[in-house]
Every structure is written in structure tokens, then in C-alpha cells.
Number of protein chains: 2
Amino acid sequence: MNAQFKNIHKVISSYIEISDEEWAHYSSMLQVKEIKKKDIILSEGSVCKEVFFINKGLLRIFFVDNNGEEKTFHFALEKTFATDYKSFLKEIPSNYSIQAMEDTQVLVMSLDMILGGYKMLTNGEKLGRLLAEDYFFMFNDKIQAMYTQTPLERYNDLTSSFPKIFQRVPQHLIASYLNISSVHLSRLINAS
Amino acid sequence: MNAQFKNIHKVISSYIEISDEEWAHYSSMLQVKEIKKKDIILSEGSVCKEVFFINKGLLRIFFVDNNGEEKTFHFALEKTFATDYKSFLKEIPSNYSIQAMEDTQVLVMSLDMILGGYKMLTNGEKLGRLLAEDYFFMFNDKIQAMYTQTPLERYNDLTSSFPKIFQRVPQHLIASYLNISSVHLSRLINAS
DNA sequence: TTTCAACGATAACAAATGTTATCAGTTTCA
DNA sequence: TGAAACTGATAACATTTGTTATCGTTGAAA
């Protein structure tokens with residue numbers, strides 16, 4: 001098997017059973033793409049045409065609020081998917097932009113590939129369901145955290161679940177992810 | 001067809017094609033349940049064993065934060081589903097409680113019914129996928145609103161998308177839904 | 001190598017939001 | 001029907017968070 005497809009095969013196999021034949025056919029539709037640091041692979045206002053699976057690197061999903069300021073919605077790590085799923089599936093303009101925080105290697109899945117997978121793969125619909133459920137759970141947790149936790153608590157959770165993030169992402173983007181100002185995050189960190 | 005099943009049939013048919021035979025079999029597993037105002041049909045800490053489809057009435061999904069205060073996560077309206085999907089599917093204790101805000105009639109779907117539907121119905125997995133996707137989109141929008149909107153803006157959105165809510169829900173629960181104190185909401189409304 | 005932009009800390013001040021307490025009108029229910 | 005709980009407004013005050021500006025350091029690019 002193409003070594004570049006090892007990670008995604010592992011992830012998909014964790015959701016459904018997929019035979020070698022099916023995988024060979026399915027994975028042949030994957031495209032490898034190298035993204036340079038700071039490059040934008042989805043721009044707000046355009047339809048999201050792809051789902052990205054991150055082999056190596058780090059993506060940032062953000063949008064621009066009413067005051068023209070960027071808000072970081074999500075940091076997408078290795079071995080996870082990144083996309084604007086709503087824009088992608090409904091083929092409507094996206095509210096989000098996606099930018100590489102580092103030189104990043106992604107596998108690109110087109111809408112045809114995803115929709116085709118629902119029909120072609122024995123467990124295609126199930127894969128779609130389980131992925132949607134998992135990301136639904138993730139969002140559920142995120143909402144609950146926004147309801148119940150203080151910015152400092154969310155900061156501490158982030159550092160404990162993803163300690164290396166500070167070597168990979170500037171602090172003011174973490175502030176925007178936590179939905180607080182960079183000044184305030186600096187205050188929290190330096191405990192004044 | 002059982003008149004009580006008309007609403008849910010309409011909703012499910014909007015997601016997938018389902019034959020009359022399949023529907024007859026599937027809907028025979030539905031149970032009708034009447035809930036009295038203030039009754040709790042899911043308690044935090046217990047495993048959520050059901051998905052509720054609301055025929056008539058209004059449910060409130062809430063949890064208790066670290067300070068022991070209730071936070072209203074969601075108001076579930078007629079013709080929508082209410083559950084703790086994560087607790088339900090993973091069979092783990094729930095973080096949420098579900099309470100009736102009015103005398104409410106729900107249709108009860110068990111885990112066996114849902115899982116059985118994935119296999120039994122021609123488009124069962126697809127139904128599960130589309131529902132998960134839709135609720136995923138809903139959560140996505142909710143997160144974005146929490147990032148970008150002021151409490152007043154969220155309040156105005158709520159009133160325009162659901163004008164009658166104030167006749168059905170006390171104001172302090174709306175405040176907890178907006179994640180602000182009841183005092184603050186009162187101030188916003190009375191524009192001081 | 002030099003220069004400029006990016007980054008993070010800090011201070012001073014402003015705005016948003018929470019907390020506590022009180023009070024009056026309603027609803028509930030024993 | 002009457003007491004108690006519930007509800008929402010309001011005031012006073014405290015806390016959190018944002019805004020703007022400055023400054024020194026660092027990193028990137030010409």
C-alpha cells in the first residue's frame with residue numbers, strides 16, 4: 001500500500017470494515033497535496049470542494065466576525081479531517097477559511113469520492129454516519145466547554161490535551177481560539 | 001396510519017425514501033409517552049436509553065456546571081428529536097437532564113429500534129448519516145454564534161426565529177440558554 | 001546583514017457582565 | 001383561600017474582559 005495512505009486507512013478501518021479490494025479502489029481516488037505554511041486552501045465565500053485528511057502538519061480553520069476580526073474555530077491535527085462540511089455537502093459558500101500553520105501534507109477527497117463511497121463501499125453510509133456522529137460529539141463537547149468553563153479553564157484543558165500547541169501556534173491565535181483577546185490571554189498566563 | 005405518527009413519518013420521509021411496508025414495521029416499534037410539565041425524562045448521570053421525538057410540547061435539555069448551576073443547552077421544539085445522542089449511542093452516563101416545559105407528548109425510540117433501523121431499513125444507515133449531519137450543522141451554527149455574536153444579538157436571533165418562546169419559557173431559563181445571568185438579560189431587554 | 005513585521009508583555013482605562021439583595025406581582029398548590 | 005415559591009425588575013457594587021497604546025524581542029525577508 002502507498003505509504004502515504006497508511007494513516008487514513010487506519011482511521012477509516014477504525015470506523016468500518018473495508019476489504020483490501022475496496023480500499024485499493026477507494027484510495028486510488030485520493031490525491032496527495034503539499035501545502036506551504038500560511039497558504040490558504042479554502043477561502044471564505046467559496047464553496048468547499050474537498051475534505052482534507054492531514055498526514056503531517058497543522059491546519060487552522062477560521063472565520064471573520066462582524067467586526068472584521070479573525071476567529072479561530074479549530075486547529076486540525078495530524079490524522080484528522082478538516083473541511084467545512086456544511087459547505088462541502090450542501091455545495092454552498094463557506095463561512096470559513098482554512099490555512100496551513102506549517103508546511104502540511106494532506107490527502108484530498110472530492111465530493112464525488114465521498115458521495116461515491118456511500119454507494120460503492122459496502123459500509124459507505126455507515127462510515128459517513130459514524131464520522132458525522134463523531135464530529136457531532138466533538139462539537140457537543142466544545143459547546144459544553146464554552147458554556148461551563150472559564151477562559152483559563154479552557155486554556156488549561158488545551159495545554160493538557162495538546163501540550164505542544166505552543167510551539168506550533170502563536171499565542172494570539174490561541175486567544176482567538178479561546179474567544180478572548182490576546183491581551184487577556186497574556187494576563188491569564190502571566191497570572192497578574 | 002396512526003395519526004400520532006404522522007409528524008415523525010413526515011420528518012423521516014424528508015430524509016430518506018421509505019416504503020409503506022417498511023414504515024409500518026418500523027413505526028410499530030414507536031411508543032407514545034405523555035410527559036407532565038416539569039417532569040424529568042432523563043437525569044444527569046444515568047444512561048440515556050431513548051431518543052424522543054416531540055409531537056406536541058416543549059423539552060428543555062440542561063446540565064449542571066461546576067458551580068452547581070443549571071445551564072440550558074437546548075430547547076427542543078415540536079417535530080424535532082431530543083436526546084443525549086452521545087450517552088445514547090455509546091451507552092455511557094449522560095451529562096444532561098431533559099425536562100418538560102409543558103405537558104408534552106413524545107414518541108419514544110429505543111436503542112434497539114435505532115440500531116435495528118440501520119440494518120432493517122433499506123436506507124437506514126443513510127437516515128442515521130443525514131440526521132447526524134443535520135444536527136452536526138446545527139451545532140456548528142451554534143458554536144459560530146457563540147463565537148461571533150453578543151448576548152443581545154443571540155437574544156434577538158432567538159426571538160425572531162422563535163417568537164413565541166417567551167410565552168412558553170421563563171425568562172431566566174432563556175438567560176441560561178444565552179449563557180448570561182438573568183439580571184443581565186433583564187437589563188438588555190429593558191435597555192438600560 | 002539590515003530592516004521591517006510579527007509577537008508577547010504590560011499599563012491605563014473603558015465596557016460588559018456577574019453577584020447580591022430587595023421588592024412587587026404572579027402562580028401554584030396544600 | 002392563603003402561604004410559599006416563582007418570576008422579573010432594579011440598584012449597588014465587584015469582577016471579568018476588551019481596547020488602545022507602548023515597548024522590547026524575535027524572526028523573516030530583501
Side-chain angles (χ1 to χ4, degrees), chain A residues 35-40 57-58 60 62 64-72 75 99-104 145-159 164-192, chain B residues 35-40 58 60 62 64-72 75 97 99-104 145-159 164-192:
Chain A
I35 311 163
K36 291 221 168 152
K37 181 173 179 173
K38 294 191 180 174
D39 277 4
I40 290 193
L58 179 57
R60 167 179 167 253
F62 68 95
V64 178
D65 71 10
N66 304 327
N67 304 320
E69 292 182 14
E70 289 183 5
K71 299 274 188 173
T72 299
F75 293 113
Q99 182 184 38
M101 302 304 297
E102 312 169 345
D103 291 350
T104 296
M146 292 176 86
Y147 265 103
T148 56
Q149 296 187 296
T150 64
L152 182 56
E153 287 169 336
R154 279 181 279 136
Y155 171 83
N156 287 331
D157 277 8
L158 182 65
T159 59
K164 289 179 190 161
I165 194 167
F166 297 95
Q167 286 103 55
R168 299 177 72 177
V169 175
Q171 185 173 302
H172 69 275
L173 292 184
I174 292 172
S176 96
Y177 174 77
L178 296 173
N179 203 20
I180 59 177
S181 69
S182 58
V183 174
H184 188 51
L185 179 58
S186 175
R187 277 191 294 232
L188 293 176
I189 292 175
N190 300 90
S192 76
Chain B
I35 312 163
K36 291 220 168 154
K37 182 172 179 174
K38 293 191 179 172
D39 277 4
I40 289 194
L58 180 58
R60 166 177 168 254
F62 68 94
V64 178
D65 71 11
N66 303 328
N67 304 320
E69 292 182 14
E70 289 185 2
K71 299 275 188 172
T72 299
F75 293 113
S97 298
Q99 182 183 39
M101 303 303 298
E102 311 169 347
D103 291 351
T104 297
M146 293 176 85
Y147 264 103
T148 57
Q149 297 188 297
T150 64
L152 183 55
E153 286 169 336
R154 278 182 280 135
Y155 171 83
N156 288 331
D157 277 8
L158 183 64
T159 59
K164 290 180 191 160
I165 194 166
F166 296 97
Q167 286 102 57
R168 301 176 71 178
V169 175
Q171 185 173 302
H172 70 275
L173 292 184
I174 293 172
S176 97
Y177 174 76
L178 296 173
N179 203 19
I180 59 177
S181 70
S182 58
V183 175
H184 189 50
L185 180 57
S186 175
R187 277 191 293 233
L188 293 176
I189 291 175
N190 300 90
S192 74

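Numbers restart at 1 for each chain; the letters A, B, ... are given by sequence-line order, proteins then strands.
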Side chain of A/Asn67, backbone of A/Glu69: donor and acceptor closer than 3.5 Å?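 Flag not set: sc A/Asn67 to bb A/Glu69 has no pair under 3.5 Å.
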
Would you say B/Gln99's side chain and B/Ile40's backbone share a donor-acceptor pair under 3.5 angstrom?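 No.
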
Give the minimum heavy-atom separation between A/Ala175 and A/Ser182, together with the two atoms involved.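 Closest approach of A/Ala175 to A/Ser182: CB-CA, 3.7 Å.
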
If every non-hydrogen atom of B/Leu188 is compared with every non-hydrogen atom of B/Leu152, which pair is closest and at what distance?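 Taking B/Leu188 first and B/Leu152 second, the nearest heavy atoms are CD1-N, 4.0 Å.
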
How many whole angstroms separate atom [atom1] of [X] from atom [atom2] of [N]?
| X | N | atom1 | atom2 | answer |
| --- | --- | --- | --- | --- |
| A/Lys71 | D/dT17 | NZ | C1' | 12 Å |
| B/His184 | D/dT10 | NE2 | P | 15 Å |
| A/Lys36 | D/dA28 | NZ | C1' | 15 Å |
| A/Phe166 | C/dA9 | CZ | P | 11 Å |
| A/Asn67 | C/dA16 | CG | P | 12 Å |
| A/Glu69 | D/dG18 | CD | P | 10 Å |
| B/Leu188 | D/dA9 | CG | P | 11 Å |
| A/Leu185 | C/dG8 | CG | C1' | 10 Å |

Should the side chain of A/Arg187 and the base of C/dG8 be counted as holding a donor-acceptor pair, with the cut-off at 3.5 Å?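 Checked by distance alone, the answer is no.
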
Select from B/Thr150 and B/Lys37 the residue whose nearest nucleotide in DNA chain C is closer to the 5' end of that strand.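 It is B/Thr150 whose nearest nucleotide is closer to the 5' end.
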
Quick check on contacts: within residues 170-183 of chain A, what sits under 4.0 Å from DNA chain C by heavy-atom distance?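 Here the set is A/Pro170, A/Gln171, A/His172, A/Val183.
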
Let me confirm one number: the NZ-OG1 distance from A/Lys36 to A/Thr104, rounded to the nearest 0.5 Å.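 Taking NZ in A/Lys36 and OG1 in A/Thr104, the distance rounds to 12.5 Å.
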
With a cut-off of 3.5 Å and sequence neighbours excluded, list every side-chain donor-acceptor pair involving residues 166-173 of chain B.
from: B/Arg168; atom 1: NE; to: B/Glu102; atom 2: OE2; distance (Å): 2.6
from: B/Arg168; atom 1: NH2; to: B/Gly57; atom 2: O; distance (Å): 3.1
from: B/Arg168; atom 1: NH2; to: B/Glu78; atom 2: OE2; distance (Å): 3.3
from: B/Arg168; atom 1: NH2; to: B/Glu102; atom 2: OE1; distance (Å): 3.1
from: B/Arg168; atom 1: NH2; to: B/Glu102; atom 2: OE2; distance (Å): 3.4

